[in-house]
Number of protein chains: 2
Amino acid sequence: MPATIYDIAKKAGVSIATVSRVFNNSANVSDKAKKKVLAVADEMGYHPQAFAQGLASRKNNTVMIVVPVISNYFFMEVLGGIQDKLSEENYELSIFNISPNKDIQEQVEHVLKRRWAEGYLFISIHLNDKDWSKLQKYNVPITLVDEHYEGFDSVSVDNAQGAYRAAKSLFKNGYQRVAMLSALETSKPIQDRILGYKKALSEFGIAFDKNLVITGDTMYRDGFTERAGYEAMIKILTMDPMPEACFCASDIQAVGALKAMQDTGKQIPIIGYDDIELAEYMGLSTIRQPMRDMGFFATQNLIERMNKPDKAISQTIYTPELITRTSTEVNGKKIDA
Amino acid sequence: MPATIYDIAKKAGVSIATVSRVFNNSANVSDKAKKKVLAVADEMGYHPQAFAQGLASRKNNTVMIVVPVISNYFFMEVLGGIQDKLSEENYELSIFNISPNKDIQEQVEHVLKRRWAEGYLFISIHLNDKDWSKLQKYNVPITLVDEHYEGFDSVSVDNAQGAYRAAKSLFKNGYQRVAMLSALETSKPIQDRILGYKKALSEFGIAFDKNLVITGDTMYRDGFTERAGYEAMIKILTMDPMPEACFCASDIQAVGALKAMQDTGKQIPIIGYDDIELAEYMGLSTIRQPMRDMGFFATQNLIERMNKPDKAISQTIYTPELITRTSTEVNGKKIDA
DNA sequence: CTGAAAGCGCTTACAG
DNA sequence: CTGAAAGCGCTTACAG
């Protein structure tokens with residue numbers, strides 16, 4: 001049985017209130033009492049229990065991440081940013097993994113009801129407006145990442161704009177038949193990126209051809225995998241006529257696509273999406289999302305709200321930028337942005 | 001103010017004990033009472049608070065991961081396995097990130113004292129025997145991943161053996177000057193991998209040359225990055241005489257190394273370590289660590305211990321296997337394992 | 001600066 | 001099957 005506050009109080013010859021004050025750095029404790037308590041606590045290996053503190057104080061110093069897919073590059077980078085910020089603060093980190101097989105809304109409400117944390121970071125959770133508005137009534141600090149809804153603070157990237165920039169640069173450099181290597185169409189980021197692709201098309205007066213929007217067959221992780229990218233690129237390279245260039249919905253798919261081109265010996269310029277660390281080393285042109293910054297900033301925003309619940313709600317939207325590398329070079333000549 | 005068990009009890013016309021029983025699926029509740037309670041709870045949006053439950057029952061259904069570097073490929077894969085297992089069970093997941101700047105032992109003890117979780121997964125936490133033995137006195141379920149100490153359950157990979165296999169296959173295929181692309185030497189996995197490399201050397205009667213153990217200059221993430229791999233490979237390729245082949249301490253470094261070879265136009269066979277998903281798409285020969293399995297199995301093991309604290313301690317050690325791909329092919333000929 | 005006491009929201013023998 | 005009551009380990013006005 002580990003020591004409790006009562007054991008320490010008794011042994012130190014003070015009340016439990018004093019012990020509590022010592023551990024909460026409360027001002028009003030004599031140096032003598034403080035020293036004594038600390039000494040006894042150290043000797044008995046005492047440390048306040050998080051639960052009891054949480055119950056008594058009605059706060060628990062915990063930030064919870066709610067996320068659907070945990071082992072994925074985008075999340076990993078965002079998580080890095082969250083950690084960077086959290087390490088400056090005194091908060092514990094908890095992660096709740098939303099299962100794709102059960103009702104999302106229900107799981108999210110469950111999490112909120114359990115009151116596990118003081119604040120929540122919802123990452124890549126996409127709900128409709130009605131469901132989001134229901135969540136507001138819980139009146140708990142939530143910051144959205146990779147999604148936005150006017151009722152909550154959010155940090156996201158303009159997906160349509162990113163896709164638009166990628167496609168536009170390809171059209172601008174003279175390519176006409178530009179394929180889009182896509183993923184699961186019910187995915188919200190995909191929908192937005194298709195929108196951007198279409199916008200670029202119409203700006204250049206090119207008709208939309210749905211046959212040029214290709215996905216792989218593997219739908220694991222919504223199709224955001226090397227394998228799905230490989231499969232899709234094989235389809236693209238065997239089309240007749242073959243597309244002249246390709247915009248990929250994610251870098252990780254682009255990695256598979258690059259491999260497909262290598263295996264078949266056919267090559268067309270491609271642009272990815274995300275700018276994961278690897279992209280630089282693959283020479284992959286891509287649309288950069290500031291993932292780490294997003295995580296950092298979202299966490300900062302959340303902590304501010306936790307401390308000041310009535311501050312104004314803010315929507316932060318990053319505009320992604322095009323990074324050109326060798327995957328869009330032709331005869332050593334870079335592509336124009 | 002959210003509803004409490006008292007509110008529900010009053011409104012449902014039962015005692016709080018009955019409400020509690022309903023939410024704990026206790027057998028002894030009449031169907032009628034159960035239905036009534038559930039209806040009222042749903043109406044008032046009630047759900048038991050995790051804290052209060054934890055305090056009263058002295059368990060909290062939480063598994064905590066303790067890990068030094070959170071955004072890294074190895075951890076991401078292991079995490080995937082943990083999630084796979086946890087999603088079958090009814091546990092919450094918490095993550096504690098050990099800061100590299102503070103004393104590790106102290107942080108670990110802090111975590112244990114706070115009693116945040118019922119069971120802990122220590123991932124890539126390396127302590128000396130004395131510190132590990134100190135941790136035993138907390139008498140709490142802990143499973144080690146990527147480390148082993150006889151006092152705890154553990155799931156690890158034989159790093160020396162893996163490195164040995166990689167280096168051996170290179171020597172066996174006729175290469176004499178085989179460089180090792182290394183990382184921070186105080187890292188325990190690195191030490192073990194160097195040991196394996198040396199073992200292969202001596203088996204083939206080749207003298208150890210410390211100038212052939214090369215690291216990059218970037219020591220961010222202990223040197224397990226593309227950049228560090230790139231830097232190190234550049235050094236290797238400019239050595240005179242140039243090494244004939246290279247064993248890399250991780251796939252992620254190997255990715256950088258591949259890029260270095262591409263940029264310089266020089267090429268030697270290389271073998272990585274880990275077999276991250278990407279390796280297949282890069283054609284990278286590598287030593288496969290069953291990362292996902294390790295996470296899955298460690299979690300399973302931990303849960304078993306949580307349910308049965310006195311079960312025998314078990315050490316699981318995987319032997320990594322060599323996967324040969326194009327990065328070790330010469331003129332289309334595969335390397336022998 | 002300090003202590004007695006109430007209270008946080010649950011669980012769980014115990015008695016019926 | 002059900003309820004009254006004690007207890008989990010803390011925090012925090014309140015009074016001194």
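Note on naming: letters A, B, ... go to the chains in the order of the sequence lines (proteins, then strands), and numbering restarts at 1 for each one.
The side chain of Arg21(A) has dG3(C) as its nearest neighbour among dG3(C), dG3(D), dC10(D). Side-chain proximity of Ala56(A) to dG7(C), dT12(D), dT2(D): nearest is dG7(C). Closest to the side chain of Asn24(B), out of dC10(D), dT11(C), dC10(C), is dT11(C). Considering only the side chain of Leu55(A), dG9(D) comes nearest among dG9(D), dC10(C), dC10(D). Of the candidate nucleotides dT11(D), dT11(C), dG9(C), dG9(C) has the atom lying nearest to any side-chain atom of Ala52(B). In this structure, of dC1(C), dT12(C), dC10(D), it is dC1(C) that holds the atom nearest to the side chain of Ser30(A).
In this structure, Ser15(A) reaches the dG3(C) phosphate: one of its side-chain N or O atoms is under 4.0 Å from OP1 or OP2.
Atom P of nucleotide dG3(D) and atom CD1 of Ile5(B) are separated by 12 Å, given to the nearest angstrom. Atom CD1 in Ile8(B) sits about 9 Å away from atom P in dC10(C), given to the nearest Å. Distance, Lys34(A) NZ to dC1(C) P: 11 Å, rounded to whole Å. Straight-line distance from the OH atom of Tyr6(B) to the P atom of dA6(C): 15 Å, rounded to whole Å. Distance CG (Asn28(B)) to C1' (dC14(C)): 14 Å, rounded to an integer number of Å. The distance from atom CD of Gln49(A) to atom C1' of dT11(D) is 14 Å, rounded to the nearest whole Å. Atom P of nucleotide dG9(C) and atom CZ of Arg58(B) are separated by 19 Å, given to the nearest angstrom. In this structure, Lys32(A) places its NZ atom 13 Å from C1' of dT2(C), rounding to the nearest Å.
Note on Val19(A): nothing from the nucleic acid sits closer than 4.0 angstrom, heavy atoms only. If you check every strand for non-hydrogen atoms under 4.0 Å, Tyr46(A) touches sugar and phosphate atoms only. Within the nucleic acid shown, Ser20(B) comes within 4.0 Å of at least one base atom, counting heavy atoms only. No contact: Phe51(B) has no heavy atom under 4.0 Å from any strand.
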Working note: Lys85(A) + Glu89(A), criterion salt bridge (Lys or Arg N to Asp or Glu O under 4.0 Å); need CA distance, chi angles, decisive distance, verdict. CA-CA 7 Å; Lys85(A) 181 62 194 176; Glu89(A) 312 278 337; 3.7 Å; yes
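dC10(C) and dC14(C): their P atoms are spaced 24 Å apart (whole Å). Comparing the same atom, P, in dA6(C) and in dT2(C) gives a spacing of 23 Å after rounding to whole Å.
Remark: aromatic rings of Tyr46(A) and Phe23(A) are close, center separation under 6.0 Å. The aromatic ring centres of Tyr149(A) and Phe122(A) sit 6.0 Å or more apart.
Side-chain atoms of Thr62(A) and Glu92(A) form no donor-acceptor pair, as typed in the model, at a separation below 3.5 Å. Using modelled atom types and a 3.5 Å distance limit, the side chains of Asp146(B) and Ser124(B) yield a donor-acceptor pair.
Under the Watson-Crick or G-U wobble criterion, with both distances below 3.5 Å, dG3(C) is paired with dC14(D).
Screening Asp103(B), Val67(B), Ile104(B) for a side chain to side chain contact (heavy atoms under 4.5 Å, CB included) with Ile98(B), the sole residue that qualifies is Ile104(B).
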